[in-house]
Colleague: 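Take a look at this one; I'll ask things after.
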2 protein chains.
Amino acid sequence: MRADARRNYDRILAAAEDVFSEQGTGASLNEVAKRAGVGPGTLYRHFPDREALLDVLMKDWVDRIQQAADEAAASGRPPRDVLISWFEDLVAHISVHHGGPGRITAALAKSGTPIADKAGGVVNACATVLGRLNEQGVLREGVDPVQVCRLVGSVAATADNAQLDKDTTRQLLATIADGLLLP
Amino acid sequence: MRADARRNYDRILAAAEDVFSEQGTGASLNEVAKRAGVGPGTLYRHFPDREALLDVLMKDWVDRIQQAADEAAASGRPPRDVLISWFEDLVAHISVHHGGPGRITAALAKSGTPIADKAGGVVNACATVLGRLNEQGVLREGVDPVQVCRLVGSVAATADNAQLDKDTTRQLLATIADGLLLP
DNA sequence: ACCTGAACACCGTTCAAGT
DNA sequence: ACCTGAACACCGTTCAAGT
């Protein structure tokens, strides 16, 4: 990669980070290019579409989520607390950009695309926590990591676009947790 | 209202119904105007923005939802079945147009706007069903109709934009029901 | 009153022309 | 190789001009 190309690539990412934080993941890509000080064509050369750009931006999401899952699984706290606080972490991590939760939740069904791979990573992290709880025998029959991610992702998406506060969101997550745990 | 205005008004609604069904609630309004055989200005004269158009289109949602709630409350079936099948009805009713569930769920917090009023109607219907179950003493402490609508609406929004099938959606709703019912 | 449709400021995306 | 920026086909929205 040529030096100027590398520099533009980095500038575009930095600009995208800014613009998406301010205006959400649907913001104008021309605006991103302008903010990065490059022509629109340069942006499209490096990132063929919006998803490609988001993809690099969410690069280390999955790692952080898996890390939170490992900690949650090892915490030894009461099952309900483990679930709720891990759900809160999950929501926080996928909500860094407005519009993000909806994208990742919609990608849970798909496969092959980069975003679907990330969604798969989230499912794995979820399976880590659920697996630990299942060893303790506290989960209902048929609890499925993908379905749990869908539920939590749905709540995250609503929290994102209705701007719910933390308490309200936690109540929603608590109900989901109760629905997963054995009575 | 002049005869030609009335005619155009009706044509626009019919065209919007078609276009929104095909392409979702975000479809081009110029396309709606074209399909209705009127100039774009005529559309904006009758409906100042997209929300105003959707508003008329969802006119009888609330009535149908309240009706389903009344039937569910009176059905005398087991509480879990009542909840799940009423949730399924609710999801079906708010999902007539792609993008609808997201809009109505986001409006649950607001008040004053026409869409917020409709969201309020949905909450009332929800309260009907929950009230009946509460008389039977089968609900957990602190179950709130607004929060229940948020949960079900979140699932509806995800089902809508990830194109989940009925069985998958019902499983998600069942978990919510379990989270609301006393162990 | 009401309608029309050209016009404006945007958007995403492309591609000839430059270095 | 890589970048630029004018250009294209769209979008929502407005408003002078017509009937």
Side-chain angles (χ1 to χ4, degrees), chain A residues 1-58 97-100 102-103 106-107 113-115 161, chain B residues 1-58 97-100 102-103 106-107 113-115 161:
Chain A
M1 207 170 191
R2 229 166 63 178
D4 54 348
R6 169 94 245 160
R7 199 200 49 187
N8 284 333
Y9 179 92
D10 292 336
R11 280 188 184 174
I12 290 167
L13 279 181
E17 179 66 45
D18 283 359
V19 175
F20 288 164
S21 290
E22 288 168 21
Q23 310 176 27
T25 53
S28 160
L29 296 184
N30 278 350
E31 168 69 22
V32 171
K34 194 192 294 178
R35 188 94 62 114
V38 302
T42 304
L43 187 151
Y44 283 90
R45 156 170 280 269
H46 288 291
F47 306 97
D49 53 28
R50 166 176 267 107
E51 223 60 50
L53 195 45
L54 286 169
D55 207 57
V56 177
L57 247 30
M58 329 186 306
H97 296 114
H98 185 255
R103 283 175 198 276
T113 67
I115 175 121
N161 75 56
Chain B
M1 204 169 191
R2 230 166 63 179
D4 54 347
R6 169 95 245 160
R7 197 200 50 186
N8 283 333
Y9 181 92
D10 292 336
R11 280 189 184 174
I12 290 168
L13 279 180
E17 178 66 45
D18 283 0
V19 175
F20 288 165
S21 289
E22 287 169 21
Q23 309 176 28
T25 53
S28 161
L29 297 184
N30 278 350
E31 170 68 21
V32 171
K34 193 191 295 178
R35 189 94 61 114
V38 303
T42 304
L43 186 150
Y44 282 90
R45 155 170 280 268
H46 288 291
F47 307 98
D49 55 26
R50 167 176 269 108
E51 224 60 51
L53 195 46
L54 286 169
D55 208 57
V56 177
L57 247 30
M58 329 186 305
H97 296 117
H98 185 254
R103 282 177 199 274
T113 66
I115 173 122
N161 75 55

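Note on naming: letters A, B, ... go to the chains in the order of the sequence lines (proteins, then strands), and numbering restarts at 1 for each one.
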Colleague: Dot-bracket for DNA chain C, 5' to 3', counting Watson-Crick or G-U wobble pairs under 3.5 Å, with [ ] for crossing pairs and | for inter-strand pairs?
Modeller: ||.|||||...|||||.||
Colleague: Heavy-atom nearest nucleotide on DNA chain D for B:L29 versus A:T42: which residue maps closer to 5'?
Modeller: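 Between the two, 5'-proximity favours A:T42.
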Colleague: Do we see a donor-acceptor contact under 3.5 Å between the side chains of A:H97 and A:E17?
Modeller: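 Indeed, the side chains of A:H97 and A:E17 share at least one donor-acceptor pair under 3.5 Å.
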Colleague: A:I115 and A:A107: which non-hydrogen atoms are nearest, and at how many Å?
Modeller: CG1-CB, 3.6 Å
Colleague: On DNA chain C, reading 5' to 3', which nucleotide is the first and which the last to sit with an atom under 4.0 Å from a heavy atom of chain B, could you check?
Modeller: C:dA1 to C:dA6
Colleague: If you pin A:G41 and A:G26 to their nearest nucleotides in DNA chain C, which one's is more 5'?
Modeller: A:G26
Colleague: Between B:R2 and B:P40, which has a closest nucleotide on DNA chain D that is more 5'?
Modeller: B:P40
Colleague: Taking all atoms of both residues into account, what is the closest heavy-atom pair of B:D55 and B:P114, and its distance?
Modeller: OD2-CB, 3.1 Å
Colleague: May I ask you to say what A:A27 touches in the nucleic acid, namely base, sugar-phosphate or nothing, with a heavy-atom cut-off under 4.0 Å?
Modeller: sugar-phosphate
Colleague: Roughly how far, to the nearest 0.5 Å, is CZ of B:R7 from CZ of B:R2?
Modeller: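 If we round to the nearest 0.5 Å, B:R2:CZ and B:R7:CZ are 10.5 Å apart.
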Colleague: Identify the heavy atoms of B:A16 and B:L57 that sit nearest to each other, and give their distance.
Modeller: CB-CD2, 4.0 Å
Colleague: Name the nucleic acid region contacted by B:A33, choosing base, sugar-phosphate or nothing; use a 4.0 angstrom heavy-atom cut-off, strictly under.
Modeller: nothing
Colleague: Find out whether A:L53 and A:L13 are in side-chain contact, i.e. whether some heavy atom of one side chain is under 4.5 Å from a heavy atom of the other.
Modeller: yes
Colleague: Give A:D49 one of three labels, base, sugar-phosphate or nothing, depending on what nucleic acid heavy atoms sit under 4.0 Å from its own.
Modeller: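 Result for A:D49 = nothing.
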Colleague: Looking across every strand, which nucleic acid part, if any, lies under 4.0 Å from B:D4 by heavy atom: base, sugar-phosphate, or nothing?
Modeller: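 Sugar-phosphate, no base atom in range.
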Colleague: Would you indicate what A:S28 reaches in the nucleic acid, counting non-hydrogen atoms under 4.0 angstrom: base, sugar-phosphate, or nothing?
Modeller: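 Contact class for A:S28: sugar-phosphate only.
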Colleague: Please tabulate, for the side chains in residues 37-50 of chain B, all donor-acceptor contacts under 3.5 angstrom to protein atoms that are two or more places apart in sequence or on a different chain.
Modeller:
residue : atom : partner : partner atom : Å
B:D49   : OD1  : B:E51   : N            : 3.3
B:D49   : OD1  : B:A52   : N            : 3.0
B:R50   : NE   : B:T25   : O            : 2.7
B:R50   : NH2  : B:G26   : O            : 3.1
B:R50   : NH2  : B:A27   : O            : 2.1

Colleague: Please walk me through it: do A:R103 and A:M58 pass side-chain contact (heavy atoms from CB on, under 4.5 Å)?
Modeller: CA-CA 12 Å; A:R103 283 175 198 276; A:M58 329 186 306; over 6 Å; no
